[in-house]
Amino acid sequence: MMNVMLVDSDNDNIKNFRTYIRRSFPEMKVVGHFTDPNKDIIPSIKDMKPDLLVADIKFFGGVRFMRFKDIHDQFPDIKFVVYGTFNETEYMRRAREFGVIDYMFRPVKTVELARCLKLALGQQKKSDVQKQQVKQQHERYKDNVSHFEGVFLKGLAEGHIRDADEIMEGFSYFNITLPPGYTAAVVHIDHFRKIALTLTESEKHLLIFRIYQTVSEALSGREALTFMTGFHSLAILMGGYYSIEDKVSFFDNVKDTILGKVDTRVSIGLGRTYENITEIGISYKEAMAAFRYRNRMGYNAVIPLEFVEPGNRITYRYPVEREERLVYMAVVGDYQYCHQVLLELFDSLAQSGPIPEGLLPKILMSIVIRISRYINEQNLPIANQVTRLFPAGEILAVQNLEEGLVTFDKALQNFCAYVRTYTEENHQRLYRAVRQYIDQNFAENFSLAKIAISLGTTPEHLNKVFSDRERVNLFDYVMRIRMDHARWMLSESDLEEEEICTRIGFEDVKYFRSIFKQYQGLTPTEYRAEETSALEKLEEAGTVDETNPG
């Protein structure tokens with residue numbers, strides 16, 4: 001049922017509208033009316049709770065838009081149907097932004113009123129369907145909120161969520177309690193690839209689920225969270241300060257419990273404990289890295305990173321994602337951006353503590369290797385320049401951060417300068433190629449994609465390279481070339497417009513005439529007449545040698 005409120009100072013209109021709605025629209029109910037323009041309508045709307053206001057626009061006087069806005073701001077779901085004179089048409093149109101769905105002219109005809117009321121009912125039904133869909137989506141979301149909690153925890157562990165406020169908001173939303181002393185652990189099924197060959201898909205899923213349940217039960221006495229990270233592994237985020245001996249003993253018992261209950265051997269990587277909640281991702285990286293030592297430490301073992309890399313507190317704090325950005329922007333040739341990122345990387349290294357001997361040259365050479373790999377992946381013919389512009393001997397010889405920054409920054413600057421030079425030369429070749437292509441094929445059916453394919457590039461890149469140099473896009477350039485040829489033929493030949501149209505690549509002579517006038521300001525006929533007249537005047541003045549028109 002749609003509740004309708006009538007707004008008009010004319011009681012006869014109120015009576016007629018009420019009677020018509022009661023007789024013709026049983027799915028509507030007139031819940032009341034408002035007739036005094038000197039009173040505030042808001043309290044009445046709150047009391048009557050209408051879905052639709054049918055109102056005389058002049059009722060609101062000269063401040064009608066402010067009143068519509070006030071009502072719309074406070075009751076955004078209420079819709080309006082308004083009526084007025086032809087002189088008020090613009091007011092009624094402008095009122096649409098404040099919830100007015102349609103308007104009528106006085107005297108209101110029943111057919112117009114019926115049309116507007118049907119429109120209002122249709123919109124209400126559509127809105128009800130949308131609200132029901134949203135409600136159902138909310139219900140389904142509530143049933144599956146645990147999945148989103150897993151996504152949040154995975155993003156937190158992998159370092160994608162690093163802002164402290166965002167992390168705490170997530171904890172609050174998912175009702176997570178985790179006290180300081182943050183430690184990450186990763187449980188990994190030993191020899192999973194071999195085991196998976198003997199399992200069906202459902203058995204594979206059931207295996208990790210049973211391990212998940214076993215670990216969750218073992219953690220019931222501690223402040224900890226468990227979530228799956230794959231079919232072969234799960235992660236644990238634990239709060240509270242415990243000694244390294246206590247943690248190793250605890251996870252050793254977890255490992256043995258899994259073997260006893262699930263008959264599956266696992267290894268557990270263990271990261272360091274951190275005070276700051278934003279460093280959970282660092283502990284998780286350390287836990288993952290501990291698995292690299294299984295061959296030496298043995299499978300079916302608990303491997304704390306503190307045991308295998310006691311002196312390394314730098315690698316896992318290093319912002320790898322910033323390095324990835326530096327690699328990409330270096331291949332683009334943006335030195336200023338790369339310089340800023342390089343400063344951030346070295347600042348991160350400086351804050352991490354003493355750097356183990358030989359680690360800095362390895363980090364810098366890994367960047368060079370990644371740049372070279374990215375160049376090869378992009379099939380760019382500049383790979384042979386990497387070793388020249390990043391001299392390995394100088395990079396491997398750096399002894400400290402200051403020396404490393406100066407050496408690598410200089411190499412990076414030279415490399416980016418070379419890339420920019422190469423890119424500009426390549427773009428110039430592409431620009432000349434597309435100019436030549438258009439000059440030779442301007443009368444063909446124009447297709448940006450077709451030209452791009454023929455030149456071995458993408459439409460977007462081709463258009464950007466071209467427009468950067470011509471200050472117009474390819475489409476406009478082709479039109480300009482066509483119009484140049486059209487003007488020449490109109491002034492220098494007797495060809496009919498239909499023939500000219502075909503010769504420059506248009507199929508429709510009307511379209512050709514329209515485009516020509518847009519570019520020239522004259523129709524083809526007018527242009528030819530103007531050119532002929534100008535030529536005749538020159539001939540009369542004796543300035544044209546007919547034996548040598550050129």
Side-chain angles (χ1 to χ4, degrees), residues 152-164 166-167 178 180-188 224-227 229-230 233-244 247-248 251 267-297 301-327 341-370 398 400-401 404-405 408:
F152 166 73
L153 292 174
K154 192 170 187 292
L156 174 62
E158 293 179 351
H160 303 310
I161 305 173
R162 288 175 294 182
D163 180 77
E166 184 179 358
I167 294 172
L178 206 62
Y182 305 105
T183 307
V186 178
V187 179
H188 195 292
L225 306 164
T226 308
F227 58 95
T229 56
S233 64
L234 54 88
I236 300 163
L237 303 181
M238 188 165 63
Y241 293 98
Y242 300 92
S243 68
I244 184 65
K247 287 184 289 185
V248 171
F251 281 107
S267 293
I268 300 179
L270 192 59
R272 295 185 178 91
T273 299
Y274 291 97
E275 171 72 24
N276 195 324
I277 195 169
T278 60
E279 296 181 308
I280 289 178
I282 297 173
S283 185
Y284 180 78
K285 286 181 182 178
E286 294 173 341
M288 290 292 292
F291 285 117
R292 292 200 301 263
Y293 298 90
R294 276 186 297 181
N295 287 330
R296 178 160 63 86
M297 304 294 288
V302 176
I303 310 173
L305 192 79
E306 290 185 50
F307 286 6
V308 292
E309 293 187 25
N312 181 7
R313 291 182 174 268
I314 295 175
T315 303
Y316 308 105
R317 291 177 174 274
Y318 182 72
V320 176
E321 70 287 344
R322 298 297 290 158
E323 181 184 293
E324 291 174 353
R325 194 66 185 166
L326 182 146
V327 168
V341 174
L342 192 65
L343 292 177
E344 293 176 17
L345 294 180
F346 271 78
D347 183 61
S348 173
L349 291 171
Q351 294 180 25
S352 297
I355 300 178
E357 185 178 354
L359 179 59
L360 180 58
K362 290 181 181 178
I363 291 175
L364 297 179
M365 283 306 301
S366 74
I367 297 176
V368 176
I369 292 170
R370 293 181 69 178
V398 299
N400 52 57
L401 287 175
L405 177 59
F408 201 80

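Numbers for residues simply follow the sequence, beginning at 1. Because the structure is a prediction, the values reported are computed rather than measured. Heavy-atom basis, side chains included; hydrogens, waters and symmetry copies ignored.
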**OP:** Measure from the side-chain N and O atoms of Arg296 to the backbone N and O of Tyr293, and report whether any donor-acceptor pair falls under 3.5 Å.
**Re:**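 No, because the side chain of Arg296 does not come within donor-acceptor range (under 3.5 Å) of the backbone of Tyr293.
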Original post:
Do Phe307 and Val248 touch side chain to side chain, with heavy atoms closer than 4.5 Å?
Top reply: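 Yes, close enough: below the 4.5 Å cut-off.
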Original post:
With a 4.5 Å limit on heavy-atom distance, are the side chains of Ile303 and Phe251 in contact?
Top reply: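 Side chain of Ile303 against side chain of Phe251, heavy atoms only: no contact under 4.5 Å found.
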Which distance, rounded to the nearest 0.5 Å, do you find between the [atom1] of [X] and the [atom2] of [Y]?
| X | Y | atom1 | atom2 | result |
| --- | --- | --- | --- | --- |
| Met288 | Tyr316 | CE | OH | 11.0 Å |
| Glu323 | Glu321 | CD | CD | 10.0 Å |
| Phe227 | Leu156 | CZ | CG | 7.5 Å |

**OP:** In plain terms, say whether Arg292 and Glu309 are close enough for a salt bridge, that is, a side-chain N and a carboxylate O under 4.0 Å apart.
**Re:**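 Salt bridge: yes.
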Original post:
For Thr183 and Ser283, does a side-chain donor sit closer than 3.5 Å to a side-chain acceptor?
Top reply: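 No donor-acceptor contact under 3.5 Å links the two side chains.
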Looking only at heavy atoms, what is the nearest atom pair of [X] and [Y], with distance?
| X | Y | value |
| --- | --- | --- |
| Ala185 | Leu270 | CB-CD1, 3.8 Å |
| Val320 | Arg370 | CG1-NH1, 3.9 Å |
| Tyr284 | Ala235 | CE1-CB, 3.8 Å |

Original post:
Stepwise, does the salt bridge (charged side-chain N to carboxylate O under 4.0 Å, His left out) test hold for Arg325 with Glu344?
Top reply: CA-CA 12 Å; Arg325 194 66 185 166; Glu344 293 176 17; over 6 Å; no
